[in-house]
Amino acid sequence: MLISLFIYSSRLYENFMALNVSGVMLRARLSTRATMKIDVYIADQITTALKKAFDLETKVVIEKPRQETWGDFATTVALGLAKTLRTAPRKIAETIVEHLGDEKQLFAKVTIDGPGFINITVAQSWWQNTVKEIIDAGEGYGDDTWGKSHKINLEFVSANPTGPLNVVSARAAATGDVLVALLNKVGFAAEREYYINDAGRQIRLLGASVAARYMTLLGKNEDVPDDGYQGDYIIDLAQELKKEHGDKFANLQVAERQNVLATLALEKMMALHKKVLHDYRVDYQTWFRESTLRDKNAHFKIVEDLKAKDLTYEKDGALWFKSSEFGDAKDRVLVTKEGEPTYFMVDIAYHQDKFDRGFETLYDLWGPDHHGYIDRVSAALQAIGHEKEHFNVRIIQQVNMLRDGQLVKMSKRAGNIIEMNEVVQEVGIDAARFFFVMRKLDSPLDFDIDLAKKRSDENPVYYVQYAHARIVNVIQFAKEHGLELDLQADHSLLRADEEIALIRKLNEFPSVISTCARLMEVHHLPAYLMDVASAFHSFYHHNRVVTDDSELSKARMMLLEASRQVLINGLTILRISAPERM
RNA sequence: GCCCCUAUAGCUCAGUCGGAUAGAGCAGUGGUUUCCUAAACCAUGUGCCCCAGGUUCGAUUCCUGGUAGGGGCACCA
């Protein structure tokens, strides 16, 4: 029930984003800007000081000092200027600080430390104000507009419909889904797309494999072709088809039977994939079928284009594309000597189709076994007139499933695969999604099944969810004691160490989101949410919310609400439920 | 042979555009509950940042060359 509520609200959120117009949204954006642009304010002040002191302009980067005790913000600009100004960095820093203005009176302390860092501590009142701003921003907290509605197509999973989805698909699905949510949060118009290879050799093999199993079930033993699909799921498919259609395919010509069964099996696999992904909370805007390209000969139009540009040639009876002229290691075949278009050739048409549909930038998430394929697609797209930067591939590294500390082996063709659905069912959707986005894409992921299933403090998913449940519970308890959320409460009372630490952490949310979107990396978000949970738990343990001091209690209610909002916003992007009770 | 990814604490991993004393979780040890959820909190130790050069005022980070592990190098997809 909690989960369905969650999905409902996240759908609303998507529409909200897509429409991109709303008074609430506008307000959210404005207040977010006021909150988060303090780094811009500081950079401006430093820039002005530089101009006054040295009459020069340079990029000023504001970062977070390694240690909180040093200050809230820092800049190394003095270190960077040492050479050009031929002056000791500390001396430069001193001059900058002498000229530093602060129109809004936000700086509580400015110091020069180490070799020449300028550390700035912001007034406590500024931090305290942000609590209300987070609550005001609500679901829009963390939103940004720098994506400028740029249309992005993110294609991910796109597994062949010739077998069940495996655990790498599960990783790709969670990653792609979250990336799109992140991109949309910072103002892109990003969509999810799944490419279905419903034509060509693999599908013919699927048909032959199912047909063989089907005939065997009817007592007329047939062997699955050597290069066919040997997995038990083929038997299941044949079984189902036999149940639905009886023996009516038995008397068809072999080729005819394989053809019909290929189509039926394909649809069944696709329906299954859709369901597994939907149950995993991944819903695509577009399910694109390869056959639609073949039907309208889109791939031949590509070849015509390449031919016209003199970028093809014939060799050994095959048609080649001069991909090496565009950075690929060697030329690639478009049409085999048997006269069959390669997957590659259709794939060019597919990516062209995405551009035709109005997408400005394409992202594909591929498995590690496809990295050698990147250069040729990129080459082809450049050849037909697209900029290199508009086609990007992120390789998602492999997944190692561990049970009892032992590696569980997988193999798609042999049939002893680890199915995505199996894992999701076993560990739960929340844990599965969290674990799959927890690591950097470039790193292989060790998925500890036992840990994911554990309902204990070792499991990071529950650590974050527990923080949310706890907040909801305290709010409930407070309401029972006559305390309501009051946005007029005196937030200057929030001055305990743990309170300030929590507020500072909550304020990082927008920049975490932006970093994720900018780098196309998801793993920062789960890590951040664990930090938020940690900061909250620490606050909770050291400070009571419901106290005799009703003013203080009200202020802390605000902090609770702001914390809850950040957790919700983060979990919404991850599509992980935020339980109200645990 | 060529290409991609990885190498940081006992384990699993962060480390943003090159900056200060390299961090977190888990595991270990010790403590915390008459009090809003102990699925929590607090304290405590640990480093050849794989190696060697280079660039730089400054390198875990960038470059080159190695070493080790994983993956890929089809007229398959």
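Only heavy atoms go into these numbers, but all of them, side chains included; no hydrogens, no water, no symmetry mates. First the proteins, then the strands, lettered A, B, ... as listed; each starts at 1.
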(message) If the condition is side chain to side chain donor-acceptor pair (under 3.5 Å), which residues does A:Ser514 pass it with, not counting sequence neighbours?
(response) A:Trp146

(message) So, using side chain to side chain donor-acceptor pair (under 3.5 Å) as the criterion, who are the partners of A:Thr547 when residues are at least two apart?
(response)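 By the side chain to side chain donor-acceptor pair (under 3.5 Å) rule, A:Thr547 matches A:Ser553.
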
(request) Flag the pair A:His537 / A:Tyr466 as yes when their ring centroid distance falls below 6.0 Å, and as no otherwise. (result) yes

(request) Would you please indicate yes or no on a ring centroid separation below 6.0 angstrom for A:Phe536 and A:His468? (result) no

(request) Using the salt bridge (Lys or Arg N to Asp or Glu O under 4.0 Å) rule, collect all pairs that involve residues 332-343 of chain A, keeping only residues at least two apart or in two chains. (result)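 As it turns out, the salt bridge (Lys or Arg N to Asp or Glu O under 4.0 Å) pairs with a partner in residues 332-343 of chain A, which skip direct neighbours, are A:Arg204-A:Glu340, A:Asp328-A:Arg332.
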
(message) Mind checking if A:Ala74 touches a base, just sugar-phosphate, or nothing, with heavy atoms under 4.0 Å?
(response) base

(request) Give one of base, sugar-phosphate or nothing for A:Ala469, where a contact means two heavy atoms less than 4.0 Å apart. (result)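 Base: the residue A:Ala469, judged by heavy atoms under 4.0 Å, touches a nucleobase.
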
(request) Could you list by number each residue of residues 517-529 of chain A showing a heavy-atom separation from RNA chain B of less than 4.0 Å, or answer none if no residue does? (result)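 Here the set is A:Arg518, A:Leu519, A:His523, A:His524.
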
(request) Quick one: list whatever passes side-chain contact (heavy atoms from CB on, under 4.5 Å) with A:Lys388, sequence neighbours left out. (result) A:Ser378, A:Gln382

(request) Could you encode protein contacts along nucleotides 38-43 of chain B as a string, one character per nucleotide from 5' to 3', using B for base contact, S for sugar-phosphate-only contact and - for no contact, with a heavy-atom cut-off of under 4.0 Å? (result) SBBSS-

(message) By nearest heavy atom, map A:Val61 and A:Glu290 onto RNA chain B; which one lands nearer the 5' end?
(response) A:Val61

(request) Would you please confirm or rule out a distance under 4.0 Å between OP1 or OP2 of B:C75 and any side-chain N or O of A:Lys330? (result) yes

Once you round it to whole Å, what is the distance between [atom2] of [N] and [atom1] of [X]?
X: A:Asp369; N: B:G71; atom1: CG; atom2: P; value: 11 Å
X: A:Glu63; N: B:G18; atom1: CD; atom2: P; value: 11 Å
X: A:Ile62; N: B:U16; atom1: CD1; atom2: C1'; value: 14 Å

Using the [atom1] atom in both, what is the distance from [N] to [M], to the nearest Å?
N: B:U55; M: B:U64; atom1: P; answer: 15 Å
N: B:G53; M: B:U61; atom1: P; answer: 14 Å
N: B:C49; M: B:G66; atom1: P; answer: 23 Å
N: B:C2; M: B:U8; atom1: C1'; answer: 29 Å
N: B:U6; M: B:G25; atom1: P; answer: 25 Å

Extract from the structure each pairing of a protein N or O with an N or O of nucleotides 10-13 of chain B at less than 3.5 Å, listing the distance.
{"unit_1": "B:U12", "atom_1": "O2'", "unit_2": "A:Arg439", "atom_2": "NH2", "d": "3.0"}
{"unit_1": "B:C13", "atom_1": "OP1", "unit_2": "A:Asp446", "atom_2": "OD2", "d": "3.4"}
{"unit_1": "B:C13", "atom_1": "O2'", "unit_2": "A:Arg439", "atom_2": "NH1", "d": "3.2"}

(request) Indicate syn or anti for B:C17, taking the glycosidic torsion and treating anything within 90° of 0 as syn. (result) syn

(message) Tell me whether the count of non-hydrogen atoms from other residues, nucleotides or ligands lying under 6.0 Å of CD in A:Glu57 goes above 12.
(response) no

Can you list the residues that meet the ring-ring contact (aromatic ring centres under 6.0 Å, His included) rule with [X], with sequence neighbours excluded?
X: A:Phe344; value: none
X: A:His273; value: none
X: A:His370; value: none

(message) Contact between A:Phe447 and A:Ile449 at the side-chain level, heavy atoms closer than 4.5 Å - yes or no?
(response) yes

(message) Output the pairing pattern of RNA chain B as a dot-bracket string, 5' first, Watson-Crick or G-U wobble with both distances under 3.5 Å, | for cross-strand pairs, [ ] for crossing pairs.
(response) (((((((..((((.....[...)))).(((((.......))))).....(((((..]....))))))))))))....

(message) So if I take every side-chain heavy atom of A:Arg201 and compare against B:C36, B:A77, B:C76, which nucleotide ends up nearest?
(response)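 Minimum distance to the A:Arg201 side chain belongs to B:C76.
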
Can you give me the N/O atom pairs linking the protein to nucleotides 55-57 of chain B at distances under 3.5 Å, or say none if there are none?
{"unit_1": "B:C57", "atom_1": "OP1", "unit_2": "A:Lys83", "atom_2": "NZ", "d": "3.2"}

